[in-house]
Amino acid sequence: MEITQEALRKMFATMVTIRNFELRAFTEVGQRSLRGALHLSVGQEAVPTGVCAHLTDADYLASTHRGHGHCIAKGVDVRGMMAEILQRATGTNKGKGGSMHIADMTKGMLGANGVVGSSVPLAVGAAMAARQRGSDQVAVAFFGDGAINQGVVHESMNLAAIWKLPVIFVCENNQYAESTPVEYATPIPDLAERARGYNIPGVVVDGMDVFAVYDAAGAAIGRARAGLGPTLLECKTYRYYGHAAFDNPKNYRTTEEEDAWKARDVIAGFRERAVAEGLLDAAELDALEAEAAQLIEDSVRFADESPEPDLSELLTDVYLDTPTNALARTAHL
Amino acid sequence: MTQTAERLLSYRDAINEALRQEMERNPDIVLLGEDIAGAAGRRDQGFVDAWGGPFRTTQNLIQQFGEDRVRDTPISEAAFIGAAIGAAAAGMRTVAELMYMDFVGVCFDQLLNNAAKMRYMYGGNVQLPFTMLTRIGAGVGSAAQHSESLYALMAHIPGLKGVVPSDAYTAKGLLTAAMRSNDPVIVFEHKLLYGLQSHVPEEPYELEIGKARTVREGSDVTLVGISRMTQVCLEAADALAAEGIDAEVVDLLSVFPIDYDHIADSVRKTHRMVVVDEDTPTCSVAADIAATVGEEAFDYLDAPIMRVQAPHTPVPYARNLELAYIPDATRVANTVRQQLGA
Ligand SMILES: Cc1ncc(C[n+]2csc(CCOP(=O)(O)OP(=O)(O)O)c2C)c(N)n1
């Protein structure tokens, strides 16, 4: 698939922004002793980047607990994301949701989700809405190799298949669900095979290669926009860090395995190939990296300069029309 | 069993010990859950028990009891919790862990329509020695989908029992009782209590499901605590004592059956009651206690029964909002002062 210089630059910028954002958020959360889980997707950046390169703000995306990459690739403002994680009123969710629930309807971002598998049918619904309106919008559902064993994921694939809905099911197979290896939890070598049960295309993709993801996602999204129905993409990838801060992955995987995956790092790999094939030059890539670093720096400053949520926010947004004092009768706040 | 043991043990270790001792005593017990051991299937690579449970409550069990009795599951709550119910009906004794109470939606049908109803709708034809472990509680910055205390949702369903241990001693005794019960029992562990130590006997013991206990004697007001809120009540009682207000603290321990008699007896002595519940207020256990005890001990009450509960909202993320969400000792003490007209 042809890629413009502009698209290449954008993809590189997205990947380095995701990595930079996550590592910085991790540090900031640690330094401030904030509570709450932060699930890093470092190592997996090529997947949301290659997929979202084909989307516009009008398309939909349903995300997971490991959702920073999805949000950034879908165009959610990193300042609002950082402010959200650092518990500020200016966060994407006013500080009420945190890392696991970042959402931005103006970007078609239907939300990160803390319940494994739970967001997948939301993408099916968004796709149904798009069809109903007669638009060519598509919806992408990201989920993990662990989530693919939830019933709701299968029910969602079936529903999308029988109604030929424009959904792209993207399974990010990072080899582990917490400490549980994928080969224990599923009896098949390729999760993409599960598409056969729904008579939809199932494609195994090298998730460590953003060009491969870009191509496979382009084909699937093209099919969806043309009204040909859903596709299941299994992107094989790797999370470099633990499930969350408390988890030491050395307790369930070998250093050799980690090193083998890291040797195929998506960002280093992109740089090498782009320079070798004369697609982009090193100075340009350096400049994009510096820009991303600046963006993240700004996002932390923005969060620091923002107030924490007002206490009245505890009782807002539950309903639109119920007086907030009715919600706190027995709370004695 | 009285609380005279010398040994201090954490809530976490008390749960672990109850599981281990009961599994030693009864070879029919099987444990199922996600990452309850961890690194599943990698023993040959030298990895075993990588997690020992997300909060380390099940660690070291797989080494002792093996993979058939300590089963790591895929993320398929409806299937493995349903399977635990089915295995119980087929003569095993099963303990399944639902990692967080908020995930109950995924497997709710199995609890609502199978575990709770099978014995009744089969005319008493089946035993269900099934225990579900799950965890509740805000305070760890995990936001709306990992923090709720929805035991009222389960207590509402005829056929399910539920226990809410408030310290290590009650955790061991209630979990042991749950595993010996032929009824489905849900054990609600509170995340903020895992590190709390108390005196725990080394030998196995049961605390009767459906029995509350008095953890502090007093004469002016009865504070009823549920799960961690019992600790909050004790803290409030200390603050009130400094002002000469003598609060009695009742630790509910079971959300079904609810020990109305124990609470009503206390209220007949103190003439006032405040129920403290981290769950949301509408159709809550606290509301139920207030209504029933109000009915049964009406003549003894000198003031309206009051409740201190979380607001009717999901759990917020930001620390300041989360702290406002959780009932605390200040709010409890203020409510008592208000009740006493002080
Ligand atoms: C219904 C449900 N069960 C369990 C969990 C706890 N949990 C959070 S993430 C996770 C592993 C998810 O694995 P996978 O889907 O492969 O995504 P990854 O974490 O690898 O990105 C588990 C078990 C949850 N959040 N929701």
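Small disclaimer: the values here were computed from a predicted structure and weren't measured.
Every residue meeting the side-chain hydrogen bond (donor to acceptor under 3.5 Å, both in side chains) condition with B:Glu67, not counting sequence neighbours, appears here in chain and number order: B:Arg43.
B:Asn320 places a side-chain N or O within donor-acceptor distance of the main-chain N or O of A:Pro309, the cut-off being under 3.5 Å. Under the 3.5 Å distance criterion, the side-chain polar atoms of B:Arg42 are matched with a main-chain donor or acceptor of A:Tyr252.
Residues of residues 143-156 of chain A having a heavy atom under 4.5 Å from any heavy atom of chain B, listed by number: A:Gly146, A:Ala147, A:Asn149, A:Gln150. When the heavy atoms of residues 91-103 of chain A are compared with those of chain B, the residues falling under 4.5 Å are A:Gly95, A:Lys96, A:Gly97, A:Gly98, A:Met100, A:His101, listed by number.
Remark: B:Ile75 CD1 to A:Glu178 CD distance equals 6.5 Å, nearest 0.5 Å. A:Asn113 contributes atom CG, which lies 4.5 Å from atom CD of B:Gln145 (distance to the nearest 0.5 angstrom).
Proximity to chain A is absent for every atom of B:Val332, based on heavy atoms less than 4.5 angstrom apart. Contacts between A:Val116 and chain B at a heavy-atom distance below 4.5 Å involve the side chain alone, from C-beta outward. If you measure heavy-atom distances from B:Val140 to chain A, the contacts under 4.5 Å come from the backbone alone. When heavy atoms are compared at a cutoff of 4.5 Å, A:Glu84 approaches chain B by way of both its backbone and its side chain.
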Show every donor-acceptor pair shorter than 3.5 Å between a side-chain atom in residues 324-333 of chain A and any protein atom, with sequence neighbours excluded, or say none if there are none.
from, atom 1, to, atom 2, distance (Å)
A:His332, NE2, B:Arg307, O, 2.8

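Under the 4.5 Å side-chain criterion, counting only non-hydrogen atoms from C-beta, A:Phe246 is in contact with B:Trp51. When side chains are defined from C-beta on, A:Thr186 does not count as touching B:Pro74, because their heavy atoms never get closer than 4.5 Å. With a 4.5 Å cut-off on side-chain heavy atoms, A:Thr254 and B:Phe47 count as touching. The shortest distance between side-chain heavy atoms of A:Leu314 and B:Thr313 falls below 4.5 Å.
Residues B:Ala324 and A:Leu311 come closest through the heavy atom pair CB-CD2, 4.0 Å. Listed here is the closest heavy atom pair of B:Tyr317 and A:Ile85: OH-O, 2.6 Å.
Residue-environment remark: CZ (A:Arg35) stays at or below the threshold of 12 foreign heavy atoms within 6.0 Å. The environment of A:Tyr184 atom OH is dense: over 12 non-hydrogen atoms of other residues, nucleotides or ligands sit within 6.0 angstrom.
Among the candidates B:Glu34, B:Gln309, B:Met99, the residue making the largest number of heavy-atom pairs closer than 4.5 Å to chain A is B:Gln309. Heavy-atom pairs under 4.5 Å with chain A were tallied for B:Leu321, B:Asp49, B:Thr330; the largest tally goes to B:Leu321. Considering only heavy-atom pairs separated by less than 4.5 Å from chain A, the leading option among B:Pro327, B:Ala40, B:Gly38, B:Ser76 is B:Ala40. In terms of heavy-atom pairs under 4.5 angstrom with chain A, the leader among B:Glu77, B:Gln338, B:His146 is B:His146.
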